[in-house]
Q: 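One structure, as structure tokens, below. Some questions next.
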Amino acid sequence: MKQGIAIGLDIGGTNCAFGLVDEQGRIIARDNLPTASCAQAEELVKALSTKIKALAKEAGSPAIQGIGVGAPNGNYYSGCIEFAPNLHWEGIIPIAEYFKKHLSCEASLTNDANAAAYGEMLFGAAKGMKDFLFITLGTGLGSGIVANGEMIYGHDGMAGEIGHTILFPDGRPCGCGRKGCLETYCSASGLVRTYREKAGSAFRAEMDAEYIFEKAKAGDALALESFSFTGEWLGFALANSVAYTSPEAIFLFGGLARAEEYIFAPTRQSFEKNLMKIYKHKIKILPSGLKPGDAAILGAASLIWKKSMQN
């Protein structure tokens, strides 16, 4: 192999998944390491770097152009993970600097949703688009905002948190410490909370988002109502978000998005209903073009390939 590769790494609360990605978005090889396998962040970086070098050697020792890292609370400007609630390290962790030290290559970091948005732009359904929103519907609601072909980071690197805009003042408690945030209603966990409220004493712990999806497919009224409620308020929130950047499209990704029309239909209906007239019928709500198992790695690697294209 003559051309170089970029490393894409996704740091999650349980697992770190990484892969070698070429400039066409092909994942040549991949591996993983449990996040809790090392007590200290730099120890984990050192262990990951060793595995990455071994993986590159097995693949024919292609030149490593750099490593892109997607992580919760990852700050693009500082290269640090800042006070991530679901990681066992505390405070501000200079992850990018650690990788530069142990891999001797360029290292770039952003939060996981922004990384996936980059992947959508370079290798997914947003190819050729300069203005779009990327929404991840998992345990929470993450987002990446691309305007004029660039990710919106704000002055401190922490912009784009659509999931933490308040939908209902004094509503459901959120992990961020506030109440009524969008992600407490419009996410996989939000769907479960809605179903639990509707089911009352009949709710059981095993009734997760997948269970509700199966019940909806079987025509269960409470499940259908829960999806309808979730989509209605997601569409409402997205209609408000459009006013900031006027995107060409909004991409939905993640476990809840795989419920297909059970979530897309009510979201699109509410979205069009709540749009200003100047935006109506101009903006598509689409499923992501990235494979679920590849998105995190491709997105992180895209940090490196996008910089390469700009140089």
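Counting from 1, the numbers follow the sequence of the chain as shown.
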Q: List for me each residue that meets side-chain hydrogen bond (donor to acceptor under 3.5 Å, both in side chains) alongside H102, sequence neighbours excluded, and say none if there are none.
A: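 Checked H102 against side-chain hydrogen bond (donor to acceptor under 3.5 Å, both in side chains); matches are E42.
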Q: Identify all side-chain donor-acceptor contacts of residues 254-272 below 3.5 Å with residues at least two apart in sequence or on another chain.
A:
unit_1	atom_1	unit_2	atom_2	d
E261	OE2	R268	NH1	3.3
T267	OG1	I263	O	2.6
R268	NE	I285	O	3.1
R268	NH2	I285	O	2.7
S270	OG	E232	O	2.6
S270	OG	F236	N	3.3
S270	OG	N274	ND2	3.2
E272	OE1	H281	N	3.1

Q: Sequence neighbours excluded, which residues qualify as ring-ring contact (aromatic ring centres under 6.0 Å, His included) partners of Y185?
A: F168
Q: Under the salt bridge (charged side-chain N to carboxylate O under 4.0 Å, His left out) rule, what pairs show up with a residue in residues 167-182, not counting sequence neighbours?
A: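 Pairs touching residues 167-182 that pass the test: R172-E197.
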Q: Which residues satisfy the side-chain hydrogen bond (donor to acceptor under 3.5 Å, both in side chains) test with S189, sequence neighbours excluded?
A: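 Here the qualifying residues are S187.
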Q: Can you pull the salt bridge (charged side-chain N to carboxylate O under 4.0 Å, His left out) pairs that have at least one residue in residues 50-60, sequence neighbours excluded?
A: D31-K51
Q: Within the structure provided, determine whether V242 and I250 are in side-chain contact (heavy-atom separation under 4.5 Å).
A: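 Heavy-atom side-chain distance check passes, below 4.5 Å.
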Q: Could you list the residues that satisfy side-chain contact (heavy atoms from CB on, under 4.5 Å) with C38, not counting sequence neighbours?
A: E43, L44, A47
Q: For I145, run the side-chain contact (heavy atoms from CB on, under 4.5 Å) check against I135, N114, L133 and tell me which one passes.
A: L133
Q: Could you give me the CA-CA distance, side-chain angles and deciding distance for T110 and Y153, then say whether side-chain hydrogen bond (donor to acceptor under 3.5 Å, both in side chains) is met?
A: CA-CA 9 Å; T110 191; Y153 282 113; 3.1 Å; yes
Q: Considering only residues two or more places apart or on different chains, which pairs with a residue in residues 120-149 satisfy salt bridge (charged side-chain N to carboxylate O under 4.0 Å, His left out)?
A: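 Non-adjacent pairs meeting salt bridge (charged side-chain N to carboxylate O under 4.0 Å, His left out): zero.
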Q: With a 3.5 Å cut-off and sequence neighbours excluded, list the donor-acceptor pairs that the side chains of residues 206-229 form with protein atoms.
A:
unit_1	atom_1	unit_2	atom_2	d
E206	OE2	R204	NE	2.7
D208	OD1	E210	N	3.4
D208	OD1	Y211	N	2.9
E214	OE2	K217	NZ	3.2
D220	OD2	L222	N	3.2
D220	OD2	A223	N	2.9
S226	OG	L222	O	2.8

Q: Only distances under 3.5 Å count here; give the side-chain donor-acceptor pairs of residues 75-82 to other protein atoms, sequence neighbours excluded, each with its distance to 0.1 Å.
A:
unit_1	atom_1	unit_2	atom_2	d
N75	OD1	Y77	N	2.9
N75	OD1	S78	N	3.3
N75	ND2	E82	OE2	3.1
N75	ND2	D156	O	2.7
Y77	OH	G154	O	3.0
S78	OG	C80	N	3.2
S78	OG	E82	OE2	3.3

Q: Pairs in or reaching into residues 108-146: which pass ring-ring contact (aromatic ring centres under 6.0 Å, His included), with residues at least two apart or in two chains?
A: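 The answer is F132-F251, F134-F253.
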Q: By side-chain contact (heavy atoms from CB on, under 4.5 Å), which residues pair with Y244, not counting sequence neighbours?
A: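 Result, side-chain contact (heavy atoms from CB on, under 4.5 Å) vs Y244: none returned.
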